[in-house]
Amino acid sequence: MKIVIIGNGPAAVSAAETLREQDRDCEIVMLSRESVPFYSPCPLAEYVEGSVPKAHLFLRDRDFYARTGIDIRYARPVTRIEPQARQVWAEGEAIAYDRLLIASGSRAFVPPVPGLAGTLGVFELKTLGDAEAILERIGVAKRAVVIGSGFIGLEAVQALVRRGLEVTLLEAREQVLPAMLDGEMAALVERRLVEHGVQVRTGCGAERILEGADGVRAVLAGGVEIPCELVICAAGVHADLSILEGSGIAANRGILVDKRMQTSVEGVFAAGDVIERPDAPEKHRIVPNWPNAVSTGRIAAWNMLGVVRRHPGLEAVNVVRVFDLPIASFGVQTGDTCLRWQDGRGAVRKVLLKEGRLAGGQLIGEINGTGVLHEMMKKGVAVERFGTHLAHPGFGYIHTLEPLRAVTWA
């Protein structure tokens with residue numbers, strides 16, 4: 001059996017390794033649009049910052065593919081899929097398959113702001129190539145603007161500040177981290193940014209990129225020109241669906257898959273940042289993170305081999321660190337009840353309930369136990385019996401097993 005995998009990220013590699021563990025004879029062809037071995041994009045901001053060396057980004061060496069019998073083809077972006085012929089096209093070549101896995105990942109979203117695309121000195125921070133280009137530009141830049149205050153944007157801000165640049169953060173919505181936090185919690189993060197010299201402008205989107213002889217010279221926002229020599233666009237990501245046209249593969253915001261990672265077309269599977277689960281608790285959401293990519297890649301591999309495995313649901317926990325301040329969130333931002341804990345030194349934890357069950361959480365400064373809370377939310381555990389202890393950083397699995405009278409709280 002010949003299996004073609006589109007992609008070379010965590011979903012693609014976890015699928016390929018699972019395939020090879022279970023079947024030493026199947027042919028595996030992997031098509032990568034990049035020219036380097038499998039690496040983690042998660043520490044790219046730290047690489048720009050200088051705290052993570054380039055070698056530590058790579059999770060597999062170039063020999064990995066040969067050792068595991070994977071035919072890796074670098075710089076081979078797929079342009080179209082023809083399910084009826086069971087083939088894909090890459091760089092003008094048709095490549096046949098018996099099973100196909102689409103793990104092409106996500107791409108940076110670039111808003112339709114004049115000059116944002118194509119101006120020298122304007123970047124995303126999604127790939128190793130992006131990070132290398134930013135490092136090169138930092139050599140001639142003193143001021144930077146970051147557009148977007150999601151976790152990638154805030155990581156970019158931190159990296160640039162630690163590189164010695166003057167940084168302005170633009171966020172079109174009324175607060176930073178709008179997808180993660182409510183207004184009160186976001187204000188704590190904004191204060192942290194300001195304490196480190198960042199100019200934070202919320203409710204203020206970029207209107208135009210102004211170009212000079214050496215590339216970007218300013219960003220127009222709120223009618224004001226913000227001088228800069230470097231811009232990072234961190235306005236979010238979206239599933240890369242560019243190769244689906246004419247394929248008949250159903251998609252919405254992402255490729256629609258069932259619990260087996262099967263698409264609407266027989267023999268075609270999808271995994272990672274590119275998928276959307278219409279049947280999961282995270283209904284009609286794309287949740288682009290590393291754990292989901294790895295787990296969905298493995299599930300897809302099993303099912304491509306004909307062994308039925310079902311995915312339990314996507315993990316939707318967001319974690320970021322802003323100037324050493326840890327922040328985590330999951331679920332909703334409002335609920336019937338809000339349980340609160342704080343230590344008086346800047347750490348605040350909110351746990352949200354709906355109908356007596358966990359519905360969300362926001363934790364700043366002290367994020368221990370986030371995974372426990374998220375798992376309880378996924379399982380629909382009735383939690384009212386725990387009272388305010390649920391928000392305490394000492395709450396853990398053991399407390400779900402013991403009577404509360406036996407628990408000592410610091």
Side-chain angles (χ1 to χ4, degrees), residues 1-16 19 27-39 41 65 70-110 112 117 124 126-130 236-258 260-278 284-289 292-294 296-297 299-301 303-304 314:
M1 181 167 60
K2 182 177 181 179
I3 297 174
V4 171
I5 299 175
I6 302 173
N8 186 26
V13 171
S14 67
L19 289 168
E27 182 181 355
I28 303 172
V29 177
M30 185 177 288
L31 304 173
S32 174
R33 63 175 171 240
E34 296 189 70
S35 301
V36 292
F38 174 44
Y39 67 90
Y65 303 94
I70 298 170
D71 179 6
I72 179 71
R73 303 182 188 182
Y74 293 114
R76 299 290 290 279
V78 172
T79 53
R80 73 178 186 272
I81 300 170
E82 296 179 345
Q84 289 186 333
R86 287 190 175 250
Q87 63 185 19
V88 300
W89 287 82
E91 294 293 295
E93 178 189 1
I95 302 161
Y97 66 82
D98 296 306
R99 297 286 186 274
L100 174 66
L101 175 63
I102 306 172
S104 48
S106 58
R107 288 185 181 272
F109 171 66
V110 180
E124 295 92 46
K126 186 70 174 66
T127 68
L128 178 57
D130 295 334
V237 298
H238 62 94
D240 184 1
L241 306 178
S242 59
I243 60 177
L244 297 188
E245 186 175 353
S247 69
I249 299 170
N252 184 28
R253 293 175 60 208
I255 297 175
L256 299 176
V257 296
D258 62 17
R260 299 180 300 116
M261 302 298 116
Q262 170 79 49
T263 71
S264 62
V265 173
E266 182 65 29
V268 179
F269 295 76
D273 293 2
V274 78
I275 68 166
E276 178 178 339
R277 285 282 302 278
H284 292 301
R285 288 184 61 195
I286 296 173
V287 189
N289 62 38
N292 288 334
V294 170
T296 57
I299 293 294
N303 285 285
M304 283 191 288
L314 302 177

For [X], side-chain contact (heavy atoms from CB on, under 4.5 Å) partners two or more places apart:
X	result
Arg260	Asp258, Gln262, Asn303, Val308, Arg310
Asp240	Arg33, Ser104, Arg107, Ser242
Ser247	Ile81, Pro83, Leu244, Ile249
Arg86	Tyr97, Arg99, Glu266

Show the numbers, then the answer: is there a side-chain contact (heavy atoms from CB on, under 4.5 Å) between Ser264 and Leu256? CA-CA 7 Å; Ser264 62; Leu256 299 176; over 6 Å; no
Residues 1-15, side-chain donor-acceptor partners within the protein, below 3.5 Å, at least two apart:
unit_1 : atom_1 : unit_2 : atom_2 : d
Lys2   : NZ     : Ala96  : O      : 3.3
Asn8   : OD1    : Tyr65  : OH     : 2.9
Asn8   : ND2    : Val36  : O      : 3.4
Asn8   : ND2    : Tyr65  : OH     : 3.2
Ser14  : OG     : Pro10  : O      : 2.9
Ser14  : OG     : Ala11  : O      : 3.2
Ser14  : OG     : Val294 : O      : 3.1

Sub-3.5 Å donor-acceptor pair from the side chain of Gln87 to the main-chain atoms of Ala94, do we have one?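 Here the side-chain-to-backbone pair does not exist.
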Donor-acceptor contact below 3.5 Å, side chain Ser35 vs main chain Tyr74: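 Checking the backbone N and O of Tyr74 against the side chain of Ser35, no donor-acceptor pair under 3.5 Å is found.
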With Glu93, which residues qualify under side-chain hydrogen bond (donor to acceptor under 3.5 Å, both in side chains), at least two apart?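 Checked Glu93 against side-chain hydrogen bond (donor to acceptor under 3.5 Å, both in side chains); matches are Arg76.
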Among Val29, Ile95, Leu31, Ile28, which one satisfies side-chain contact (heavy atoms from CB on, under 4.5 Å) with Asp71?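 The side-chain contact (heavy atoms from CB on, under 4.5 Å) with Asp71 is passed solely by Val29 among Val29, Ile95, Leu31, Ile28.
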[atom1] of [X] to [atom2] of [Y]: how many Å apart, nearest 0.5 Å?
X	Y	atom1	atom2	result
His238	Arg253	NE2	CZ	11.5 Å
Ile275	Asn292	CD1	CG	7.0 Å
Phe269	Met261	CZ	CE	10.0 Å
Leu241	Ser106	CG	OG	10.5 Å

Testing the basics here: between Ala300 and Leu101, what is the closest heavy-atom pair and its distance to 0.1 Å?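 Nearest pair, atom of Ala300 first, then Leu101: CB-CD1, 3.8 Å.
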